[in-house]
Amino acid sequence: MKSCHRCGHAWSVQEQPGFNNTCEGCGTPVHSCANCEHHRREGRLRCDEPKAPRIFDAAAANDCSYFRFRVRGLEPEAGEQIANLRKHLLDDRQRDQPAAEPQLRWEQLFDD
C-alpha cells in the first residue's frame, strides 16, 4: 500500500504524486525522499539511485525525477534483517562456539 511515511494515510491516486502534493492526513509533502523506494533510513548514502541529486532533508518536498512511491508493508522486519545479517557473517562453527573469556582473549592478543 502506498502511504505517507509520517502518518500512514493511504495515497489513493494511481499516478505518482506531483512535486507540490501533500498528505491529506497530516499535510506533509508526499513527493519526498522519505516516501521513495530508493530512500534508505541508515547509512552514509541515503539514496540507492546513483544519479539522483543529493537531498539533505528526506521529509521535505523535492523535485527528484527518480522518485518512485514506496509500497509499504513489503519490507522485511528489522528482526529478519538482523537474523539474515548474522547468518551471512557467521558460519556454523563460530555461532556454536561459546565466547572466550576476556582474560584468555587478552592473553592471546598480547602474550609473546
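No experiment lies behind these values; they were computed from the predicted model shown.
- For His38, the side chain to side chain donor-acceptor pair (under 3.5 Å) partners at least two apart in sequence or on another chain are Asp48, Arg68.
- For the atom pair CE of Met1 and OG of Ser12, the computed distance is 11.0 Å after rounding to the nearest 0.5 Å.
- With sequence neighbours left out, Arg46 forms a side chain to side chain contact (heavy atoms under 4.5 Å, CB included) with His39.
- A heavy-atom distance below 4.5 Å is found between the side chains of Cys4 and Cys26.
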Return all side-chain donor-acceptor pairs below 3.5 angstrom for residues 13-25, not counting sequence neighbours, or 'none' if the list is empty.
residue, atom, partner, partner atom, Å
Gln16, OE1, Phe69, N, 3.3
Asn21, OD1, Gly18, N, 2.4

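- Pairing each heavy atom of Arg70 with each of Cys36, the nearest pair is NH2-O, 2.8 Å.
- Within the 4.5 Å cutoff, the side chain of His31 has heavy atoms near those of the Asn62 side chain.
- Of all non-hydrogen atoms in Asn35 and Val30, the two that sit nearest each other are ND2-O, 3.0 Å.
- Residues Ala60 and Ser32 approach most closely at O-CB, 3.1 Å, considering heavy atoms.
- A distance of 12.5 Å separates SG of Cys64 from NZ of Lys51, quoted to the nearest 0.5 Å.
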